[in-house]
Protein chains: 2
Amino acid sequence: MDRVALDRVATIRDVAARAGVSIATVSRVLNGSGNATPETMEKVRAAASDLSFRPSTIGRNLKAARTRTVGVLVPSLTNPVFAESVAGIQDAAAEVGYSVLIASTDYDPARESRAIEGLLSNRVEGLVLTVADADRSGSLDTLDEVRLPYVLAYNQPERAPRAHVSVDNVAASRAVVERMAALGHRRIGMIAGRFRQSDRSRRRHAGWQAALADAGLPPGPVVEVDFNELRLAHRLTPHFEGPERPTALFASNDMLALATIRALRDLGLRVPDDVSVCGFDGIEVGRLMAPSLATLVQPARAMGATAFECLRTGFSGELQGRAVMMPFTLRPGESLGAAPSEST
Amino acid sequence: MDRVALDRVATIRDVAARAGVSIATVSRVLNGSGNATPETMEKVRAAASDLSFRPSTIGRNLKAARTRTVGVLVPSLTNPVFAESVAGIQDAAAEVGYSVLIASTDYDPARESRAIEGLLSNRVEGLVLTVADADRSGSLDTLDEVRLPYVLAYNQPERAPRAHVSVDNVAASRAVVERMAALGHRRIGMIAGRFRQSDRSRRRHAGWQAALADAGLPPGPVVEVDFNELRLAHRLTPHFEGPERPTALFASNDMLALATIRALRDLGLRVPDDVSVCGFDGIEVGRLMAPSLATLVQPARAMGATAFECLRTGFSGELQGRAVMMPFTLRPGESLGAAPSEST
DNA sequence: GTGAAGAATGGAAACGTTTCCATCCGCCCT
DNA sequence: AGGGCGGATGGAAACGTTTCCATTCTTCAC
């Protein structure tokens with residue numbers, strides 16, 4: 001019977017006492033560094049197991065002056081595209097024994113900087129993050145100041161030479177518009193997140209514009225909406241009154257695409273018979289709904305994993321300005337069909 | 001010009017040196033504990049700001065022997081219902097200055113226990129977690145052993161008296177079936193996660209069964225599927241061949257419901273004209289798709305927040321066996337309509 | 001003028017690890 | 001048989017905080 005029923009977590013000192021050795025020996029045995037007699041190893045392991053000893057990450061990190069932890073900052077975990085990339089980061093991190101500290105901002109700058117402060121205090125060794133606008137972000141400036149390595153995910157800065165992993169948003173958007181044009185659409189509109197607040201939205205808009213110009217088509221209506229605005233009917237109505245209404249809409253992300261389809265149906269328009277819709281992101285639920293969502297697929301999970309990998313390998317080298325372009329694919333879907341015949 | 005361009009993170013000692021005071025004073029000033037001359041405070045604050053000093057959480061936690069951190073364990077971040085509850089936990093935690101450490105298991109027991117070990121090593125003060133089966137879970141046994149407080153979310157243990165926050169799954173399922181019966185459905189099937197692996201699935205199945213019995217209806221077909229199985233057509237085919245095919249299907253969660261609708265369409269059946277479908281969870285995308293998804297809504301975000309609150313307030317008291325039942329609502333949707341007339 | 005009280009501040013210990021260095025011991029080689 | 005070598009182990013310092021305790025100094029009452 002154990003006389004000592006100490007009701008606190010066992011420390012290395014407790015293990016050492018029980019095994020009758022020094023803490024140095026315990027540390028060595030448990031970490032497999034240094035040599036030890038088989039009997040010693042046995043004693044130590046038995047003691048550790050008896051006390052269900054779990055080395056404190058805190059003590060370890062303090063001594064080691066490194067945490068083997070990276071921070072992740074995303075606008076929202078409830079947007080599947082971010083959840084997916086976080087999962088990719090976690091996978092890649094776990095593989096090499098790294099932990100992940102996750103923070104979300106809900107698109108709120110105040111929460112963003114608080115989150116960054118928190119991650120910094122936790123001494124993360126680097127960050128993978130997605131910000132609203134990579135060209136003007138106080139958080140990124142902070143990171144530059146303290147020289148903490150970071151890799152942007154999804155963001156594609158236009159001016160600042162910041163390391164990022166993304167798709168070529170302009171080329172990707174062009175692919176969407178070209179596909180629409182090939183299907184006979186001539187009046188192609190865009191539903192986009194606020195340009196002021198999103199470099200992605202700007203890039204995707206640029207691609208849309210360029211593709212239309214190349215195809216000799218006039219730019220259709222552009223509707224800018226806020227992140228959390230999911231009731232879009234009243235925003236679309238004005239553009240669907242005349243005979244010149246668009247036959248296809250390109251949404252700058254999938255959540256927006258879903259909201260758009262919903263709104264079109266509320267307006268009594270059929271998708272894709274009256275209006276086609278294509279999204280951007282490639283979230284999984286898009287495949288499950290009816291009509292299934294046509295979308296430009298970014299490899300979210302792989303992007304997360306790649307971003308982490310860049311961060312890790314770049315820890316020693318120079319991360320500045322490096323960019324990785326991920327491949328994208330256009331996933332066909334029932335929401336994107338041929339232009340209505342009466343309009344050709 | 002600063003002569004000292006030390007390229008490492010500033011410590012309290014650096015601040016003390018620069019301000020010309022002791023580290024004790026720095027600590028007191030920055031934490032607002034104890035008294036200090038206005039000039040001293042000014043000097044300290046200036047030095048801290050000059051060096052962009054951020055107190056190390058690691059050092060702080062080690063000394064304080066508490067981390068103000070809770071762990072969260074979910075099967076998957078990419079399932080919106082979990083993402084949503086995690087968001088709720090984060091919100092509630094942030095409000096009282098707690099941090100959140102997130103781990104996901106991907107339904108893999110090995111990953112689960114590794115994740116728990118990790119959280120334990122990080123000295124979380126408690127856990128909010130969702131496991132496959134709360135009645136037989138090695139991870140939970142571990143937590144009981146080390147006496148670390150935890151609250152289950154979504155799980156509703158049948159035997160073990162474990163603290164949990166959930167809806168009354170049986171009553172909720174009954175509500176779904178009763179609604180279906182009221183709409184004239186007589187042959188009501190169920191698509192469920194593996195009973196072996198999920199207490200939720202079992203409870204929901206029990207509610208389905210009980211409601212059918214009460215309504216004097218024969219149990220329709222039950223299809224058990226794996227978590228990540230999203231192609232269901234071949235699983236449904238056998239049950240839709242005879243004239244006795246079900247007119248309504250109750251899916252034990254929303255992802256399953258989406259997959260079911262998809263599969264039905266692949267089989268050439270219309271939803272809801274030929275077959276109605278109702279899910280369970282209340283994920284947001286359900287509202288956006290067409291047909292919109294009828295579903296039993298759990299207040300995911302509030303559940304997360306509540307679970308955290310229980311954990312926090314229970315830290316001192318006794319958590320054992322406490323349960324909080326959250327209110328549920330039945331969200332109507334286009335996927336659930338009246339039974340086809342020819343079948344009445 | 002003396003003493004006490006209290007404010008301001010500093011010294012030092014402690015938290016749980018890892019790791020450098022020193023010590024001790026047994027063994028092999030000559 | 002003696003010297004040296006190397007393996008096993010322990011002591012102690014260090015990481016960055018907070019906080020207890022002690023010290024100094026100011027101020028005020030007698």
Side-chain angles (χ1 to χ4, degrees), chain A residues 6 8-45 47-48 51-69 97 99 118 120-125 146, chain B residues 6 8-45 47-48 51-69 97 99 118 120-125 146:
Chain A
L6 73 181
R8 60 188 180 80
V9 180
T11 76
I12 198 174
R13 234 168 288 274
D14 300 323
V15 177
R18 183 175 243 264
V21 299
S22 76
I23 62 169
T25 301
V26 174
S27 176
R28 274 187 298 251
V29 170
L30 263 27
N31 291 313
S33 55
N35 297 319
T37 309
E39 304 91 76
T40 307
M41 291 175 59
E42 192 37 53
K43 272 190 306 183
V44 169
R45 277 201 246 277
L51 300 172
S52 23
F53 170 66
R54 280 166 245 269
S56 159
T57 307
I58 304 174
R60 196 199 295 268
N61 285 347
L62 183 56
K63 170 60 186 170
R66 65 177 300 209
T67 55
R68 296 187 75 79
T69 298
S99 300
L120 252 32
S121 288
N122 275 287
R123 299 295 187 260
V124 295
E125 296 180 11
V146 301
Chain B
L6 74 182
R8 61 187 179 81
V9 179
T11 76
I12 198 173
R13 235 168 287 275
D14 300 322
V15 178
R18 183 175 244 262
V21 299
S22 76
I23 61 169
T25 301
V26 174
S27 175
R28 275 187 298 252
V29 169
L30 263 26
N31 291 313
S33 55
N35 297 318
T37 310
E39 303 92 76
T40 306
M41 291 175 60
E42 192 37 51
K43 271 190 306 183
V44 170
R45 279 201 244 277
L51 300 172
S52 20
F53 169 66
R54 281 166 244 268
S56 159
T57 307
I58 304 175
R60 197 198 295 266
N61 286 347
L62 184 56
K63 170 61 185 164
R66 66 178 299 209
T67 54
R68 295 187 75 80
T69 298
S99 300
L120 252 31
S121 288
N122 274 286
R123 298 296 186 261
V124 296
E125 297 181 10
V146 303

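Just so it is clear: chains get the letters A, B, ... in the order the sequence lines come, proteins before strands, and each one is counted from 1. Owing to the predicted nature of the structure, the values given are computational and were not obtained by experimental measurement.
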Q: How far apart are the closest heavy atoms of A:Arg60 and A:Pro55, and which atoms are they?
A: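 Where A:Arg60 meets A:Pro55 most closely, the heavy atoms are NH2-CB, 3.2 Å.
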Q: Closest approach of A:Thr67 and A:Val124, non-hydrogen atoms and distance?
A: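 Taking A:Thr67 first and A:Val124 second, the nearest heavy atoms are OG1-CA, 4.1 Å.
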Q: Return the CZ to OG1 distance between B:Arg45 and B:Thr40, rounded to the nearest 0.5 Å.
A: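 It comes to 10.5 Å.
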Q: Do B:Thr57 side-chain atoms and A:Ser121 backbone N/O form a donor-acceptor pair below 3.5 Å?
A: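 Yes, B:Thr57 side chain to A:Ser121 backbone: donor-acceptor pair under 3.5 Å.
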Q: Can you give me the first and the last nucleotide of DNA chain C (5' to 3') that has an atom within less than 4.0 angstrom of a non-hydrogen atom in chain A?
A: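 Using the under 4.0 Å cut-off, the span is C:dG16 to C:dC20.
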Q: Heavy atoms only: give me the nearest A:Ala48-A:Leu30 pair and the separation to one decimal.
A: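 Smallest interatomic distance, heavy atoms only, reads CB-CD2, 4.3 Å.
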Q: Using heavy atoms and a sub-4.0 Å distance, could you list which residues of residues 53-65 of chain A are near DNA chain D? By number, please.
A: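 Close to the strand are A:Leu62, A:Lys63.
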Q: Could you report the tightest heavy-atom contact between A:Ala36 and A:Val29, atom names first, then the distance?
A: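 Between these two residues, the closest heavy atoms are CB-CG2, 4.0 Å.
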Q: For A:Glu39, is there any backbone N or O sitting under 3.5 Å from a side-chain donor or acceptor partner on A:Thr37?
A: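 No, A:Thr37 side chain to A:Glu39 backbone: no donor-acceptor pair under 3.5 Å.
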Q: State, to 0.1 Å, how close B:Val44 and B:Ala19 come at their nearest heavy-atom pair, and which atoms those are.
A: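 Closest approach of B:Val44 to B:Ala19: CA-CB, 4.0 Å.
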Q: Test your reading of the model: is there a side-chain donor-acceptor pair from B:Ser33 to the backbone of B:Asn31, 3.5 Å cut-off?
A: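 Checking the backbone N and O of B:Asn31 against the side chain of B:Ser33, no donor-acceptor pair under 3.5 Å is found.
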Q: Looking at side-chain heavy atoms only, is the closest gap between B:Leu51 and B:Arg18 below 4.5 Å?
A: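 Yes. Closest side-chain heavy atoms under 4.5 Å.
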Q: Kindly state which residues belonging to residues 22-33 of chain A come within less than 4.0 angstrom of DNA chain D, counting heavy atoms of the residue only, listed by number.
A: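 Heavy-atom contacts with DNA chain D come from A:Ser22, A:Ala24, A:Thr25, A:Arg28.
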